[in-house]
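The structure appears right after this line, and notes come after that.
Every chain is numbered from 1 and lettered A, B, ... according to where its sequence line falls, protein lines coming before strand lines. All of these numbers come straight from a predicted model, not from anything done at the bench.
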Amino acid sequence: MQYRLAYLAYTDVNWCEALGTVLANDEVINGVSYRGGFPVVKKQMRQWSLRITEYADRLLKGLEEIDFSDSMKEIQRNWIGKSTGARIDFKVKSEKGTVPSMTVFTTRPDTLFGVDFMVVAPEHEMVKEITSTAQQDEVTKYLTYVESRSEVDRMAEVKKITGCFTGAYAIHPFTHKEIPIWTSEYVLAGYGTGAIMAVPCGDERDHKFAKFFKLPITNIIGKNYNGEEANPSYDAILDNSDFLNGMVMRDAIGVMADRLEQLGIGKRQVNYKMRDAGWSRQRYWGEPFPVVFRDDMPYAMAEQELPLELPTTNNFKPSGSGEGPLANLKDWIHFSPGEKRDSNTMPTHAGAAWYFLRYMDPHNDKAFAGREALDYWNQVDIYIGGSEHAVAHLLYSRLWVKVLHDLGYLSFDEPFKKLINQGKITGDSRFVYRIRGTNQFVSAGLRDKYETDPLHVDVNIVNGLELDTDAFRKWRPDFADAQFVLEEGKYLCGSAIEKMSKSKYNVVNPDDIIEKYGADTLRMYEMFLGPLEQSKPWNTNGIDGVYKFLKRFWNLFHDASGKFGVSADAPTPDELRVLHKTLKKISLDIENYSFNTCVSEFMICVNELTSLKCNKRSILEPLVIALAPFAPHIAEELWSMLGHTEMVVGARFPEYDERHLQVSAHAYPISINGKVRATMEFALDMPKEDIEKMVLASEIVKKWSEGKPPKKVIIVPGKIVNVVL
RNA sequence: GCCAAAGUGGCGGAAUUGGUAGACGCGCACGACUCAAAAUCGUGUUCCUUCGGGAGUGAGGGUUCGAUUCCCUCCUUUGGUACCA
């Protein structure tokens, strides 16, 4: 607060009157609440916001120095959404005349002469003030419709074009033409100025809008506009544009901006798509705000009064007024006469943004962490996390660390040096279909006959696709008197592969697998499933393979009767080759976080050592160390059986030795016109000319060439031979 | 819609720099052991085929002696989309 990083503002929330609570966007489906199916409307509430926009530019620049994937950086760049352009003021002509002007933001001031209409966000205050008597009914109807739609709906259904003329006009600053002002949900109140100038010949959305409502379209780019599709080019030559005529659009942007600034009717501006972060939640679990209100003005609590802890209660229900559960604790809220606490709590993002700093010095009772510890541990070296955190958590955490850096608490200003996005384990979700406005559920095959909203249902009360309807009624109180429309006597659920998540009720608990196969098998199987970065559905079909591998590895150390015993004999070159090939592959793959191929390599190694009947200590001992990160329990057990008293986790990782891997010859695939027809073995140091002679003399080439000389012979040493006929 | 990622046998996946597509595992088939089963071991397993060969990495095109890999267009699936955490 002292640094103007946190401020109070009125922002929109999803308000459900029937539940008496505020809902998250994903708790709202088609304008009704997930629980109960009650109507949800937008409501303004006074909430805390964090001024993350003030850091937009630094968050953008900071991306250059951290090791995140390109796609992750791209997502953050787009989210921050820096765009340069200009604000332009238009005079407004309306019946009441109370609104003298409107301001729009545009990245394309060069297209100012192509403006055919203006669009104002439905939430914009001026809509009510400029609407003419003739248009009043229609506008009111439209605003009611918009209120029922979530922002996600509005962005998702861009193809659905809606809007309404307000009856007012803007005056073009140069031509003084009257431009109709419309309102439409495709203009978002939260971005820019909440109003745009529409240039249909250059902007796809404006173009579709103009076509839909049959508005005239001014062409300012000559033959570069075909009348069918908008052309967002920067390179076209301007036409119908007064003093900009003949200029390339790219150059005209600056010329127009200069002119607007000279005339005082516009200004260059950098705009960010990113909005300030809404930081209030009407929930119990979360950090309470360390502020006190006196005469409705917030004051930060004194440092010696901190931390403000979450009060204990058994009443987690919402207050009913839109405030969170803390509002029920009257003694806590009104803790002293004339003073009042905030009933909101912070989102989970708050703690997630900086908890790792506390981990560096968890017992410190003077500060969140001592400077010495912070400097010692420094940034997080590798952060493995899902890409779903790309824009929320990861940006908040970066913001938080920058703020703490600016306040002098940290020597670094980026929290994570390197980020790896592990894939999500996806689950197989099940859905039931609630008939809109009822507590009646229709089986998946019949849902097209009704207007329904899909709801997630716990996979544990569904057998295959068939819902256990009794269990469903018991599952949650609001379903106790649910009615079902069955097909062939059964209730069948819909299904989808989605990320595994509590909120989607598709979580599978791994305890049963650990019970049956052990934690080592589960751990290795998860690695074996596929690349770390890739999402994959949870499926235990292949787990037997990993289990068998661990048994076979164990068997290398045991004789047929199960008695432990390793040989002290010297290893053969074959055995050494197997060991060092494995060590090399494992070492390189660990560096690349390619754990699935490590597991494959271990399997190959065990297969080969089993057929070599190798039980030599000099081969097996290094393998136990290499296996330890993958199957720690078995590795520790074998390590101790090998006579060690220290733990294997402390052992030095074995290094591979290229000397055991050298080969002198390569089996060259002989391809003819790109198709492999045979293989021939040649020494690696054999000159190309000799290889060519021998290949051309071979039976297989003679067969395909039918005596004709080849057009070309390509020899890649150590790789392949290709004969082009 | 927008932003991002991914599409390879019946299934999970491999192919590190453009160089033998399908490693490794599951599943399946057959065989050994067994009274039998389980477990274990062995062999085979991309598809089509007139058994010569042909096709083949989501679809279509391109570059190249050679493309899962590079380029263009399209399709599908998944994640995010600001109060799920």
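Proximity of the aromatic rings of A:Phe416 and A:Phe356 is defined here by a centroid distance below 6.0 angstrom, and this criterion is met. Between A:Phe289 and A:Trp48, the ring center distance clears the sub-6.0 Å criterion.
A:Glu591 comes within 4.0 angstrom of nothing in the nucleic acid, heavy atoms only. Within 4.0 Å (heavy atoms only), A:His393 reaches no atom of the nucleic acid at all. Residue-level contact check: A:Arg77 touches neither bases nor backbone, having no heavy atom under 4.0 Å from any strand. Looking at heavy-atom distances under 4.0 Å, A:Asp589 makes no contact with the nucleic acid at all. Base contact: A:Ser280 has a heavy atom under 4.0 Å from a base atom. When heavy atoms are screened at a 4.0 angstrom cut-off, A:Val391 is found touching the sugar-phosphate backbone but no base atom. A:Leu529 comes within contact range of the sugar-phosphate backbone alone, with a heavy-atom separation under 4.0 Å but no base atom that close.
The separation between A:Phe602 atom CZ and B:rA14 atom P is 18 Å, rounded to whole Å. The interatomic distance linking A:Met603 (CE) with B:rG13 (C1') rounds to 12 Å, in whole Å. If you take CD of A:Glu27 and P of B:rA82, they are 13 Å apart, rounded to a whole angstrom. In this structure, the NZ atom of A:Lys548 is 9 Å from the P atom of B:rG25, given to the nearest Å. Distance A:Asn722 CG to B:rG19 P: 13 Å, rounded to the nearest Å. Atoms CZ (A:Phe549) and C1' (B:rC24) sit 11 Å apart, rounded to a whole Å. The CG atom of A:Asn539 sits 12 Å away from the P atom of B:rG27 (whole-angstrom rounding). At whole-Å resolution of the value, CD in A:Gln534 and C1' in B:rG79 are 13 Å apart.
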Heavy-atom contacts, protein to nucleotides 46-51 of chain B, under 4.0 Å, summarised as B (base), S (sugar-phosphate only) or - (none) per nt, yield ------
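One C1' atom belongs to B:rC3, the other to B:rG53, and the distance between them is 48 Å to the nearest Å. When the C1' atom is used for both B:rA6 and B:rU64, the distance is 26 Å, rounded to whole Å. A distance of about 11 Å separates the P atoms of B:rU69 and B:rG19, rounded to the whole Å. Between B:rU76 and B:rU63, the distance separating the two P atoms is 28 Å to the nearest Å.
A cation-pi contact, defined as under 6.0 Å to the ring centre and within 45° of the axis, is absent between A:Arg523 and A:Phe630.
A salt bridge is defined here as a Lys NZ or Arg NE, NH1 or NH2 lying under 4.0 Å from an Asp or Glu carboxylate O, and A:Glu27 with A:Arg283 meets this definition. Contact check on A:Arg77 versus A:Glu74 returns a salt bridge, with a Lys/Arg side-chain nitrogen under 4.0 Å from an Asp/Glu carboxylate oxygen. A salt bridge is defined here as a Lys NZ or Arg NE, NH1 or NH2 lying under 4.0 Å from an Asp or Glu carboxylate O, and A:Lys585 with A:Asp589 meets this definition.
The side chain of A:Lys712 lies closest to B:rC65, out of B:rC65, B:rU20, B:rC24. For A:Met274, the side-chain atoms get nearest to B:rA82 when compared with the rest of B:rA82, B:rA39, B:rA23. Here the side chain of A:Val724 is nearest to one of B:rC65, B:rA15, B:rG19, namely B:rC65. Distances were taken from every side-chain heavy atom of A:Pro531 (C-beta onward) to each of B:rC65, B:rG13, B:rC24; the shortest belongs to B:rG13. Counting only heavy atoms from C-beta on, A:Arg552 has its side chain closest to B:rC41 among B:rU20, B:rC41, B:rC24. Checked against B:rC65, B:rC24, B:rA85, the side chain of A:Thr348 finds its nearest nucleotide in B:rA85. For A:Val22, counting side-chain heavy atoms from C-beta on, the closest listed nucleotide (B:rC83, B:rG13, B:rA15) is B:rC83. Comparing B:rG27, B:rA14, B:rU20 by their closest approach to the side chain of A:Val676 singles out B:rU20. Distance from the side chain of A:Phe528 is smallest for B:rG25 among the nucleotides B:rG25, B:rC65, B:rC83.
Consecutive Watson-Crick or G-U pairs involving RNA chain B, each under 3.5 Å on both distances, make up stems of three or more pairs at B:1-7 with B:75-81, B:10-12 with B:24-26, B:27-32 with B:40-45, B:46-48 with B:53-55, B:58-62 with B:70-74.
Using modelled atom types, one finds a donor on one side chain and an acceptor on the other under 3.5 Å when comparing A:Asn506 with A:Ser429. In summary, the side chains of A:Asp206 and A:Tyr186 do present a donor paired with an acceptor at a separation below 3.5 Å, with no hydrogens or angles considered. A:Asn271 and A:Ser83 are not linked by any side-chain donor-acceptor pair at a separation below 3.5 angstrom, with hydrogens and angles left out of the test. Residues A:Arg398 and A:Gln76 bring a donor and an acceptor atom of their side chains to less than 3.5 Å of each other.
In this structure, B:rG53 is classed as anti because its glycosidic torsion departs from zero by more than 90°. Glycosidic conformation, B:rG52: syn, with the torsion inside 90° of 0.
In this structure, A:Arg677 does not reach the B:rU20 phosphate: none of its side-chain N or O atoms is under 4.0 Å from OP1 or OP2. Close to B:rA82, at under 4.0 Å from its OP1 or OP2, lies no side-chain N or O of A:Arg275. Contact annotation: A:Asn541 side-chain N/O to B:rG10 OP1/OP2 distance is not under 4.0 Å. Under 4.0 angstrom from either OP1 or OP2 of B:rG12 there lies no side-chain N or O belonging to A:Lys536. OP1 and OP2 of B:rC83 both lie 4.0 Å or more from every side-chain N or O belonging to A:Gln282.
Aromatic ring pairs are classed by plane angle as parallel below 30°, tilted from 30° to 60° and perpendicular above 60°; the pair A:Tyr525 and A:Trp538 is perpendicular. In this pair, A:Phe549 and A:Phe553 present their aromatic rings tilted. The plane angle is within the 30 to 60° band. Between A:Tyr668 and A:Phe682, the angle of the ring planes lies from 30° to 60°, which puts this pair in the tilted group.
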Report, one pair per line, the protein and nucleotides 2-4 of chain B atoms (nitrogen or oxygen only) whose separation is under 3.5 Å.
from: B:rC3; atom 1: O3'; to: A:Asn78; atom 2: ND2; distance (Å): 3.0
from: B:rC3; atom 1: O2'; to: A:Asn78; atom 2: ND2; distance (Å): 3.0

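Mapping A:Tyr668 and A:Ser594 onto RNA chain B by nearest heavy atom places A:Ser594 at the nucleotide closer to the 5' end. Nearest-nucleotide positions on RNA chain B for A:Ala392 and A:Val599 put A:Val599 closer to the 5' end.
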CA sep, side-chain torsions, deciding dist, call: A:Tyr656, A:His580, ring-ring contact (aromatic ring centres under 6.0 Å, His included)
CA-CA 5 Å; A:Tyr656 63 91; A:His580 287 274; 7.9 Å; no
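Judged by distance alone with a 3.5 Å cut-off, no donor-acceptor contact links the side chain of A:Lys675 to the base of B:rU20.
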